[in-house]
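Below you'll find the structure, written out as structure tokens, and then a few comments.
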Number of protein chains: 2
Amino acid sequence: MRVLAVEDDERIAADLKTALEAAGFRVETCSDGLDAWFLGDTEEYDLVILDLGLPRMDGLSILKKWRANDREMPVLVLTARGAWTERVEGIDAGADDYLPKPFRMEELVARARALIRRSAGRASASQSVGELTLDANRMSVSLRGMPLATTALEFRLLSYLMLHRDRVVPPTELLEHLYGDDESREANALEALIARLRRKLGPGIIGTRRGFGYFLEGGAA
Amino acid sequence: MRVLAVEDDERIAADLKTALEAAGFRVETCSDGLDAWFLGDTEEYDLVILDLGLPRMDGLSILKKWRANDREMPVLVLTARGAWTERVEGIDAGADDYLPKPFRMEELVARARALIRRSAGRASASQSVGELTLDANRMSVSLRGMPLATTALEFRLLSYLMLHRDRVVPPTELLEHLYGDDESREANALEALIARLRRKLGPGIIGTRRGFGYFLEGGAA
DNA sequence: TGCAAGCTGACAGAACCCTGACAGCCCGCG
DNA sequence: CGCGGGCTGTCAGGGTTCTGTCAGCTTGCA
């Protein structure tokens, strides 16, 4: 587990590092706002602990920029005592939790653990096969890291194929899933849908097993 | 393997029990929502089959409560035919798979197996005879580890021979299985099919017992 | 040797799937 | 309210792959 601790008070930063490492995390610290923003934007952390008062760039601004840029890692914000407005702003900016200073290290570690656990559960909402990733919560699809616009129906199709990534899914089953058989659609509706999707995705994503059905390539080699 | 089948229709419940036990599972049934929730929350099952319409507590609510409580066992949801919104909700609530009612018991058993296998971390349902392996999920064939392209009909033929690996299968039976006897085919269709397959597979895979039928070499001989 | 069962290659129709075009529908916007 | 635009189902027109049939051939057996 990799943690970034952003804190410009050197003594607190050192204490954080000590406590979190004792708890089994790999810890990096950073005391400058701009550097922190850059690190969080480019590196992969399982958790970020973020103080709000920082040189060169304010903590809240950093957080907002991360979130705007789809950086989803859990962020625990450290706020000054009594400044509860900061907390509201923090939540708005996309913080997952906050802790008023001063705090006891045990509490911080406990919250850190809880956040990581929670984000692990949340991660199951987004799954990928091959170069394709979809996030069930945000109803978003990305291919090789690039976000890709899909319609609701397209998403449901991909979603179903993803759920059954380890097998070839027959068209009847897909039709059943997409429409429910109360309304009968021409089988061609599915083919058209697949064609449109393939045009977006390019080749090598949705495969056809002639006579059986469709599947996601790279599904369970 | 221990399975909990939650279903309030007694006849279906009995069928479920019969089919799953025939497949080698240990089955407990439950017809009440609240009881089901309690069982799933306290007992350890390898799989839960969950009907959505239940007395006292709805299936989706049960599932959500389990998941909220970190109960991770695979859950197969039975939904009413055509009510596909239920399925989407089911997935959101944490179902691993769903099956629209009415369903064929064989399909349910197959999915049950797949789910248990997946949760056990293993990948695919493949079986082999001699040097030939086929994967019923991915509809793929491999010979001596090398993947081999087959058509749908060829696959079904191999599949049937593999299922009956321990005996010689008469051509009439194969014809019946492949085509259903409503449409009559020349017997030669089967011979042509076998010939094509043998050309792909090479010698020593499909054997002939003149006057009796075909078999997979290495099957029981 | 003769017969029946099984094998094979060629081929054309069938099945399957893909694609582009189009039209109806819905929804937001002016 | 009309308009435009995005989403989707339908249709028609292919292209490609399968596969049943046919005719002739080989093999096994009496």
Side-chain angles (χ1 to χ4, degrees), chain A residues 139-141 147-161 168-217, chain B residues 82 84-85 88 139-141 147-161 168-217:
Chain A
M139 299 278 281
S140 69
V141 177
L148 194 94
T150 58
T151 69
L153 196 60
E154 287 168 351
F155 185 84
R156 295 233 310 281
L157 173 63
L158 285 178
S159 187
Y160 194 80
L161 288 179
V168 172
V169 183
T172 55
E173 189 180 332
L174 285 171
L175 285 167
E176 165 100 8
H177 168 71
L178 291 175
Y179 311 112
D181 53 0
D182 41 283
E183 293 201 35
S184 84
R185 252 83 168 182
E186 296 287 324
N188 201 344
L190 177 62
E191 290 164 21
L193 178 62
I194 296 250
R196 279 191 275 259
L197 250 177
R198 286 212 253 239
R199 199 177 312 156
K200 286 184 185 176
L201 295 169
I205 306 295
I206 301 179
T208 305
R209 207 81 227 300
R210 200 184 168 87
F212 288 111
Y214 299 94
F215 62 98
L216 288 185
E217 310 228 26
Chain B
W84 59 263
T85 52
V88 177
M139 306 295 178
S140 66
V141 177
L148 194 99
T150 59
T151 70
L153 198 62
E154 287 166 353
F155 185 87
R156 288 204 291 143
L157 173 62
L158 286 178
S159 193
Y160 194 80
L161 287 180
V168 173
V169 182
T172 55
E173 186 180 335
L174 284 171
L175 283 167
E176 172 146 341
H177 172 72
L178 290 177
Y179 310 110
D181 46 3
D182 42 286
E183 289 202 38
S184 81
R185 252 87 168 179
E186 297 284 325
N188 198 342
L190 177 61
E191 290 164 19
L193 177 61
I194 297 252
R196 278 191 280 259
L197 250 177
R198 287 212 255 239
R199 195 180 315 157
K200 286 184 186 175
L201 296 168
I205 307 294
I206 301 179
T208 305
R209 180 135 306 155
R210 203 182 168 84
F212 292 98
Y214 300 94
F215 61 97
L216 287 184
E217 310 231 23

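A quick note: this is a predicted structure, and the numbers were derived from the prediction, not measured. Just so we're on the same page: letters track the sequence lines, and every chain starts at 1. All values below were derived from every heavy atom in this structure, side-chain atoms included, with hydrogens, water molecules and symmetry-related copies excluded.
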Under 4.5 Å between any side-chain heavy atoms of Leu158(B) and Leu201(B), yes or no?
-> yes

Starting at CG of Leu174(B), measure out to OH of Tyr179(B) and round the result to the nearest 0.5 Å.
-> 9.5 Å

Nearest heavy-atom pair of Leu193(A) and Glu154(A): which atoms, and what distance?
-> CD1-CG, 3.7 Å

Check: Arg196(B) side chain, dG20(D) base, donor-acceptor under 3.5 Å | yes

Between CG of Asn188(B) and P of dC25(D) the distance, given in whole Å, is 15 Å

Using atom CG of Leu174(B) as one end and atom C1' of dG20(D) as the other, report the distance to the nearest whole Å.
-> 16 Å

Would you say a side-chain N or O of Tyr179(A) is under 4.0 Å from OP1 or OP2 of dG9(D)?
-> yes

Side chain of Ala189(B) (C-beta onward), nearest among dA12(D), dG20(D), dG9(D) | dG20(D)

What nucleotide among dT8(D), dG9(D), dC18(C) has an atom nearest to a side-chain atom of Ala152(A)?
-> dT8(D)

Could you tell me whether the side chain of Arg198(B) and the main chain of Ile206(B) form a donor-acceptor pair under 3.5 Å?
-> yes

How close or far is atom P of dG20(D) from atom CG of Leu197(B), stated in whole angstroms?
-> 12 Å

Base of dC17(C) paired with side chain of Arg210(A) (donor-acceptor, under 3.5 Å) = no

In whole angstroms, the gap separating P of dG6(C) from CG of Leu193(B) amounts to 15 Å

Can a side chain N or O of Thr151(A) be found less than 4.0 Å away from OP1 or OP2 on dT8(D)?
-> yes

Of the listed dT8(C), dG9(C), dT19(D), the closest approach to the Leu153(B) side chain comes from dT19(D)

Just to confirm, is there a sub-4.0 Å distance from OP1 or OP2 of dC16(C) to any side-chain nitrogen or oxygen of Arg209(A)?
-> no

Between dA15(C) atom C1' and Phe212(A) atom CZ, what is the distance in whole Å?
-> 14 Å

In whole angstroms, the gap separating P of dG6(C) from CG of Leu175(B) amounts to 11 Å

Under 4.0 angstrom between Thr208(A) side-chain N/O and dC18(C) OP1 or OP2 | yes

Taking only the side-chain nitrogens and oxygens of Tyr214(A), find out if one of them lies under 4.0 Å from OP1 or OP2 of dC16(C).
-> no

Please give, in whole Å, the distance from dC16(C) C1' to Glu154(B) CD?
-> 15 Å

Member of Leu157(B), Leu190(B), Val168(B), Val169(B) meeting the side chain to side chain contact (heavy atoms under 4.5 Å, CB included) criterion with Tyr214(B) | Leu190(B)

Atom-to-atom span, CD of Glu191(B) to P of dT19(D) - whole angstrom = 17 Å

